Amino acid sequence: MKVLIVEDDVDTADFIKRGLEQHGEIAHHVTSAQKGMLQASSSEFDVIIFDRLLPNMDGIDAVRILRGSNITTPIIMLTALGETTDRVAGLDAGADDYLVKPFDFSELYARLKALTRRTPLKQEALSLSVGDLVLERTARKVTRSGQVLDLNPKEYQILEYLMLNPGQLVTKTMLLEKVWGFNFDPRTSLVQTHVSRLRNKVDKPFTIELIKTIRGCGYILSDHD
Amino acid sequence: MIKHLKPYDFVNALVITGVLFILSSSLFALGAGFVVHSISQSQVEELNAFSTEIKEQFQEHGLDWLLDDLELDQRPVWNRAESLVRLDEHDNLFKVVQSGVLLLGSELIFDADDVATWQTLSLGSDQEFELLTLRVDLDDALFVTILQPRSYEATLVSSAFLQWYAFVSLPLLGGLFTLVLIRIFQQQKQTAQIKSTLLQIAKSPDSKRLPVSKKQSRENDIANSINMMLDDITDLHGTMKTMSVGIAHDLKTPLSRVANRLQSMQHDISDPSLIETHLTHASSDLNSVISTFNNLVRLNSIESGQHKDRFIKINLSDLIDDLAQSYEPVFEDSGRTLVRSTVSEVYCVGDPDLISQLICNLLENALEYSDTGAQVWVRLQSHTGSALLQIGDDGPGIPEVDQPHVFDRFYRGDISRGRPGNGLGLSIVQAICQVHGANLTLLTNQTGAVFNIEVPISK
């Protein structure tokens with residue numbers, strides 16, 4: 001994965017760059033919106049990390065200009081402003097995701113992976129499967145080894161999202177956003193409770209554990225160890 | 001409209017009525033003056049015509065015939081007193097003089113011109129008469145002088161108006177003028193007082209207030225409003241102080257723990273498992289600092305009303321059902337039960353994200369502070385114009401001393417100290433209610449903590 005980082009704070013940029021390189025990704029860092037736009041239009045990147053508050057230019061305007069000149073590279077915006085209205089403004093300008101500082105590197109990485117892996121075909125696939133687990137989206141029916149699993153609506157939505165991103169880390173915040181539509185963080189273990197119930201239905205009766213917990217980070221659905 | 005009027009508005013109305021009254025009576029006076037003037041004018045014209053007439057009659061028929069015609073053939077002579085009585089009774093006076101000798105008529109002496117002229121004559125008495133005088137020369141030696149008092153109607157109209165002005169209008173005008181002067185003086189005094197007090201208030205805004213007398217007046221109303229505003233500012237000031245202390249406290253505690261952990265890490269640098277523990281703790285402490293900041297930013301953004309741009313029509317029943325369903329297993333796992341009873345198809349206008357947070361915060365509060373085994377309920381009832389959302393638990397509830405402060409920022413009752421959270425949850429709930437025009441109350445005399453929210457509904 002080739003990543004462009006547009007970020008004026010060198011510490012934050014180094015933190016992201018080091019993290020990406022540890023995961024074997026290639027990262028290129030620039031410090032201004034102008035350079036960022038130039039790089040984005042002249043070389044091929046898989047994903048761009050754009051800071052919202054840059055000297056001389058609002059990241060949102062830069063993203064709007066990039067989208068206006070037909071650059072479709074996925075963009076994730078970073079910001080110190082944590083408000084829903086700012087998030088909406090970022091997404092309206094053409095960003096694909098929005099992450100509030102400070103963040104866990106694993107959160108950013110999970111989102112980068114989700115953005116680069118996105119293919120239109122997969123989003124609309126009628127049936128998803130991981131190992132012997134099959135989810136039929138039109139019938140909203142889930143089976144494992146041919147056995148029908150009885151899931152409630154939230155459990156179904158969580159599983160669907162995990163199955164759209166197999167083998168990838170899905171964080172608690174991502175689930176809160178995608179399944180519940182929350183832009184705030186409830187104090188309680190809402191996500192954990194539902195995932196643990198889902199796991200009881202999906203994994204408990206079977207030998208191979210498909211939903212793995214990455215402590216402090218999130219969940220991975222995979223039929224490999 | 002009447003009920004909004006204050007007593008001082010009636011005083012103003014009275015002054016305006018008085019002024020209008022004087023203005024309209026002056027208009028009437030103008031009209032009357034015109035009437036009097038035209039009556040006098042016609043008297044002059046009539047008398048001039050009369051002069052021509054008697055000249056012609058004298059030349060044609062002689063003096064005797066003329067006197068006969070004037071009904072003066074008795075050749076009366078009126079002395080001064082008789083003359084004055086006649087004038088008083090609005091009768092004409094004649095005087096016929098031949099070669100300097102009074103033939104007949106009044107003995108009064110006065111000048112007259114050969115055209116009718118108005119004169120004010122005292123005629124030797126205290127009284128003054130306004131008289132139309134005319135001298136008609138019949139031949140070289142003989143002349144007639146006529147004295148005609150002002151017509152009865154003209155006198156009546158002008159005297160009536162004079163009396164009206166003397167006894168009604170002028171005193172009224174004087175009264176009004178005095179009233180206005182007094183009011184201007186009072187206003188100036190009070191304005192000066194407000195000004196000087198305001199300057200003092202600027203120096204100590206929390207203690208000083210504008211003086212308000214019991215009397216109802218516009219200035220008192222303004223002073224009252226200013227005092228109310230000052231009270232609000234003082235409250236805000238107080239909130240700000242509490243907030244700064246709260247922020248300082250909420251940040252200082254976790255930050256000093258992080259500092260301690262860093263020192264410990266230096267000490268335990270050779271032991272990877274201890275380093276791991278320190279890291280986990282330091283990270284969780286820092287997360288609580290960040291969470292406090294996020295909540296403050298969120299609270300601020302909710303209060304600024306910027307979310308209002310994104311208000312949409314929400315099916316409140318569905319939203320509550322969905323959230324309650326999500327929370328049921330969380331309650332179940334903690335040994336509590338969540339009971340849900342909602343009427344369907346209740347709609348309101350708002351931001352779904354905020355409404356969700358409102359319900360989550362109250363549910364989490366119940367989860368956090370109710371006894372294990374407690375029953376927690378969510379109810380949605382529909383009334384006309386509003387819906388009542390109630391979220392409550394059956395114990396142990398909020399101590400009475402804490403009840404008035406539960407919505408204050410960073411306020412944490414003794415019971416909640418040492419538990420996670422930052423004392424902003426209920427402040428956020430209140431801010432969300434405010435921006436949606438909903439009324440939030442904590443019910444008193446309950447076994448548990450019961451919150452009522454009255455939400456305006458949309459058809």
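Just so we're clear, the structure is a prediction, and the values are computed from it rather than from any experiment. Residue numbering restarts at 1 for every chain, and letters A, B, ... go by the order of the sequence lines.
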Checklist entry - Does the gap between the ring centers of B:Tyr327 and A:His194 come in under 6.0 Å? => result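 Distance test on ring centres: not under 6.0 Å, no.
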Next on the checklist: For A:Lys172, is there an ion pair with A:Glu107 - N to carboxylate O distance below 4.0 angstrom?
Outcome noted: no
Checklist entry - Is A:Asp58 salt-bridged to A:Arg52, going by a charged N under 4.0 Å from an acidic O? => result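 Salt bridge between A:Asp58 and A:Arg52, a charged N being under 4.0 Å from a carboxylate O: yes.
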Next on the checklist: For B:Leu363, which atoms come within 4.5 Å of any heavy atom of chain A: side chain, backbone, both, or neither?
Outcome noted: neither
Checklist entry - Given the options A:Pro153, A:Pro186, A:Ser196, which has more heavy-atom pairs under 4.5 Å with chain B than any of the others? => result A:Pro186
Looking at [options], which one has more heavy-atom pairs under 4.5 Å with chain A than the rest?
{"options": "B:Pro329, B:Pro352, B:Ser283", "result": "B:Pro329"}
{"options": "B:Gln325, B:Glu332, B:Glu364", "result": "B:Glu364"}
{"options": "B:Ser291, B:Ser326, B:Cys360", "result": "B:Ser326"}

Checklist entry - Do B:Phe451 and B:Leu426 come close enough that some side-chain heavy atom pair is under 4.5 Å? => result yes
Item to check | Rounded distance (nearest 0.5 Å) linking atom CD1 of B:Ile453 with atom SG of B:Cys433 | outcome: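 Interatomic distance, B:Ile453 CD1 to B:Cys433 SG, rounded to 0.5 Å: 4.0 Å.
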